[in-house]
Each structure stands twice: as C-alpha cells, then as structure tokens.
Amino acid sequence: ISIDYGYRMKQMKKTKKLKDVLKRALLNQSLGFEEISFLLSQRDAGNIELLFDAARCVRNRFFGTRVFLYGFLYFNTDCCNDCTFCKYRTSNTTLRRYRKSSAEVQDAVSAIVESGVHLVDLTMGEISSNQHEAEIEYKRLSAFVRLVRKESNVPVMVSPGVVPCSVLQELAAAGASWYACYQETYNRALFSKTRIRQSFSARVRAKRQAQASGMLIEEGMLIGIGETIDDLTENIIAMRDLEADQVRVMTFIPQKGTPMARWEPQDHLQELITIAVLRLAMPDRLIPASLDVGGLDGLQRRLNSGANVVTSLMVPSQGLAGVANQKLDIEQARRTPDAIRPVLTSCGLEAATLDEYRNWLSIRKEKYPAALCAEKVA
Ligand code: SAM
Ligand code: MD0
Ligand code: SF4
C-alpha cells in the first residue's frame, strides 16, 4: 500500500507540473530547455493525452480546422551520400534506382496537381558537387520548378540535399517557395555517425542561404537513431533559433541493405509526443504528419498530436517511391487526398483551399523577409 501511495503521490506531482507547463504554453509563453525536455519525457498515458489535448488546442487556435496537403515527387533516387539510416545510401547495391525523364516528371506533376494537393515537393538524392552531372541535374530541377509554376497555381518545395548557394538562388528565381533540408540531429557526434562524411555546418549554412534567397525552409529530425531526450530538446531549440517555417519529426524505419537494418523498430509514440511538443514550442509553424512513416493507418494519431500538414501524398501508377517506406500504401491509392479525407473528418479537420495555403505563404514571407535572413548568413 505504501509503495502504491508513494507512486501515486509522485504521479500527482508530475501531473501538476505538467499542467503548469501546458498552461504556460497555452498562454503563448516561450518554453525553455527544461520544460521542453520535461514534456518530451512524458510516459504516463493520461499525461500524454493532456499533452496532445493542449497541442490540438494550440493548433486549432492558429490554423482552425484547415489542413494543408503536400504531394511528394521523388524523381531521382541516385545519391552520392552514405547516410546510415537511409535505403538510398550509395553503398546500398540491393536497390533498384531510377531517374525519371523530363516527360515522366511532367506526367507525374500533372497527376499529383490534379489530385488536389496544395504543394509539390520535388525531391532527389544528393549529387556530389563539381560534377558535370550535378549541373545537369540542378538545371533539370529548376526546369521542373518552372514547369509546376507554369502549369498550375501550386507552390513548390525543393529537397535536393545540400547544394551550392548559386543553385539555391536559381531555384528561388525559378519560383520555389520552400527549401527542405533536415539536419536529423543537432548532436554533432550523432550527425557524423549517421550522415557520415557530410559537413554539419554546410548543411546548416545551406538553410540560411535558402532563407536569404527568399525561400521558406523546412527543418527536420529523426527519432530512434540513438538520440537522447536532451538531444531532441536541443533539436527543437535549434529549429526555433533557425526560425524554420515548417518543422518535422519522423520515426526511423530500419532499411534492408543498410548498417542500421537490424535496429529495433520503434513504436511511434515518441514521434507523436515530439509533434505535440513542436506545436507547443512553435505554435505558428507548419508541422507535418507524414504518410511516409506510418501510412494511412498512422495519420489520425499524428493529426491528433497537433500536426497541420499531411505530407508524402502520392498518386499510384507513376513508378515513384517513398523514402522511409518505399512502397507503403502507394499503389493501393491510400496516399491520395481522396483517401485521407475521411481521416481528416474523423479528426474534426478538413483540407484547406489552395488560396488559403497561398495566403499563409505570403503572410509568412512578409513576416520574415529575405533581407533579415541575409544578415544571418556568415
Ligand atoms: N536526399 C535529400 C536529403 O537527404 O536531404 C532529400 C531526400 S531524403 C531521402 C529525405 C529525408 O528522408 C531525410 O532527410 C530523412 O529525414 C528521411 N529518411 C531517410 N531514411 C529514412 C528512414 N529509414 N526512416 C525515416 N526517415 C528517413
Ligand atoms: C515526406 N517522404 O514528406 C517525404 C519526404 C522530403 N522533403 C519529404 C521525407 O515524408
Ligand atoms: Fe542520400 Fe538523402 Fe538518403 Fe542521405 S537521406 S542517403 S542524402 S537520399
């Protein structure tokens, strides 16, 4: 009885502290390291529900019931990098890769735009610099950006990995609204172990250069690659310091043919908790629920943790792959705007209109003009 009593007292104290921190967040007060790490450490089911409730409340206050939909288009799966967590690392020879022709990309763009997404995310593996090949691929990417902009009103995100500053400027000039480049972790030792032989600072610098070129940026982190709660806390603070406009977290999915193939698969609870904490720490930012990690079945709980964007929407029959899950739900047409609509409804949400999304983008760009960001580029 006394052990039980002691445990309950401790639990009550924790719940009291949690309510205090949530109240601060709900009053728009900025959360510090200790509070963020406390929120990320929640393990009691009842307390986690309180956290999710607060995150949904903040999301609804900033975004109402509207959710943005992002189409994903991975047009070249070749990559020179060797990230230990990624199926597409250069050393993985067990993989069939593709590089879609311009005509194929054109078809895929038409299909995804027609499905009703609010953005197209043009993604590719990294190409080593100083190569003729790189120049060709960057030119193709800019041409694809222009193509989407010419054929539709739909904004574009580019995800080419680290590229030279001149390429970022060219992509911005072509009409790209967003540059996505995920640090995965702000722990430099863990970065070197996973994004091996890549420069930590060059990856951060590329994001600052993209901001200075007038693009919005997306930052992201991985869960389950050997990080601690303190590391996750540092990631969130770094994302906030960077003033990233969209911030994401994804659970690492072990990939055959990679050094991390035998890592224990994670349940996705820490990802959900982290989505909620991102929402409380950065209430006005876009936060994805990625279909790439948990598929259609994982969408509801990601939205109920405080996400307000559905990413990795894909249409079938295009021969295109996902990243964390190469195939999950794609050919079954379970990653389309139509397939997710009932899930949005079940969460009390609905798809925004394209105008609402474009409006959000222009307000955000006005608030953080490129000139201010340029001052931060070293
Ligand atoms: N190649 C570019 C880059 O790395 O920036 C863009 C595409 S990359 C494939 C996109 C992201 O997918 C990575 O930054 C990483 O966060 C995520 N990713 C890769 N492998 C993953 C895995 N096994 N599980 C979960 N996410 C993964
Ligand atoms: C996603 N599979 O949204 C995509 C990808 C790259 N900018 C995004 C990781 O989950
Ligand atoms: Fe290449 Fe990106 Fe995969 Fe790293 S995460 S191996 S850079 S595709």
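One-based numbering, in listed order, for ligands and for the atoms of each. Source: prediction; values computed, not measured. Basis for what follows: all heavy atoms, side chains included, without hydrogens, waters or symmetry-related copies.
- The closest approach between F85 and ligand 1 falls below 4.0 Å for a heavy atom of the residue.
- Looking only at heavy atoms of the protein, atom 9 (C) of ligand 1 is closest to V323 CG1, 3.4 Å.
- Between L40 and I236 the shortest side-chain heavy-atom distance falls below 4.5 Å.
- Under the 4.0 Å criterion applied to side-chain N and carboxylate O atoms, D20 and R24 are not assigned as salt-bridge partners.
- The nearest protein atom to atom 24 (N) of ligand 1, hydrogens excluded, is given as I253 N, 3.0 Å; this is a heavy-atom distance.
- The distance criterion of under 3.5 Å between nitrogen or oxygen atoms is met by E184 with respect to ligand 1.
- At least one heavy atom of T251 sits closer than 4.0 Å to an atom of ligand 1.
- Residues D78 and R99 form no side-chain contact, since every pair of their non-hydrogen atoms from C-beta on lies 4.5 Å or further apart.
- V120 and V67 fall within a single hydrophobic cluster, where Ile, Leu, Val, Met, Phe, Trp and Tyr are joined by side-chain heavy atoms under 4.5 Å apart, directly or via other members.
- Considering backbone and side-chain N/O of Q255, one or more are found under 3.5 Å from N/O of ligand 1.
- Close approach of ligand 2 to Y182 (heavy-atom distance below 4.0 Å) involves ligand atoms 6 (C), 7 (N), 8 (C).
- Through chains of ILVMFWY side-chain contacts below 4.5 Å, I253 is grouped with F85, L190, L222, I225, M250, F252, M260, W263, V293.
- Heavy atoms of Y179 found under 4.0 angstrom from ligand 2: none, in either backbone or side chain.
- The closest approach between a heavy atom of R203 and any atom of ligand 1 is below 4.0 Å.
- For A324, no nitrogen or oxygen atom sits less than 3.5 Å from a nitrogen or oxygen atom of ligand 1, counting backbone and side chain alike.
- Residue-level contacts of ligand 3 at the 4.0 Å heavy-atom threshold are Y74, C79, N81, C83, F85, C86, R89, R195.
- Two residues are said to be in side-chain contact when any heavy atoms from C-beta on lie closer than 4.5 Å; Y186 and V204 meet this criterion.
- Looking at Y74 next to ligand 1, no N or O pair under 3.5 Å apart turns up.
- The shortest N/O to N/O separation between E218 and ligand 2 does not fall below 3.5 Å.
- Across the listed options M250, M260, M221, M250 owns the non-hydrogen atom lying nearest to atom 17 (C) of ligand 1.
- Taking all heavy atoms of R335, R248, M250 into account, the minimum distance to atom 1 (C) of ligand 2 is reached by R248.
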Subject >> side chain to side chain donor-acceptor pair (under 3.5 Å) between T185 and N187, intermediate numbers included >> reply: CA-CA 5 Å; T185 176; N187 174 332; 5.3 Å; no
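- Inclusion of M124 in the set of residues having an N or O under 3.5 Å from an N or O of ligand 1 is warranted.
- Less than 4.0 angstrom separates some heavy atom of L222 from each of these atoms of ligand 1: 16 (O), 25 (C), 26 (N).
- Remark: ligand 1 and S159 share no N or O pair separated by less than 3.5 Å (distance only, no angle test).
- Note on ring orientation: taking the six-membered ring where Trp is involved, the planes of F68 and W360 are tilted (angle from 30° to 60°).
- For ligand 2, the atoms sitting less than 4.0 Å from at least one non-hydrogen atom of S159 are 6 (C), 7 (N), numbered in the order shown with element in parentheses.
- Salt bridge absent: R248 and D292 never bring a charged side-chain N and a carboxylate O closer than 4.0 Å.
- Counting the atoms of ligand 2 from 1 in the order shown, those under 4.0 Å from a heavy atom of S312 are 1 (C), 2 (N), 3 (O), 4 (C), 10 (O).
- Residue contact annotation: R195 has a non-hydrogen atom under 4.0 Å from ligand 1.
- Between L361 and P155, the closest side-chain pair of non-hydrogen atoms falls below 4.5 Å.
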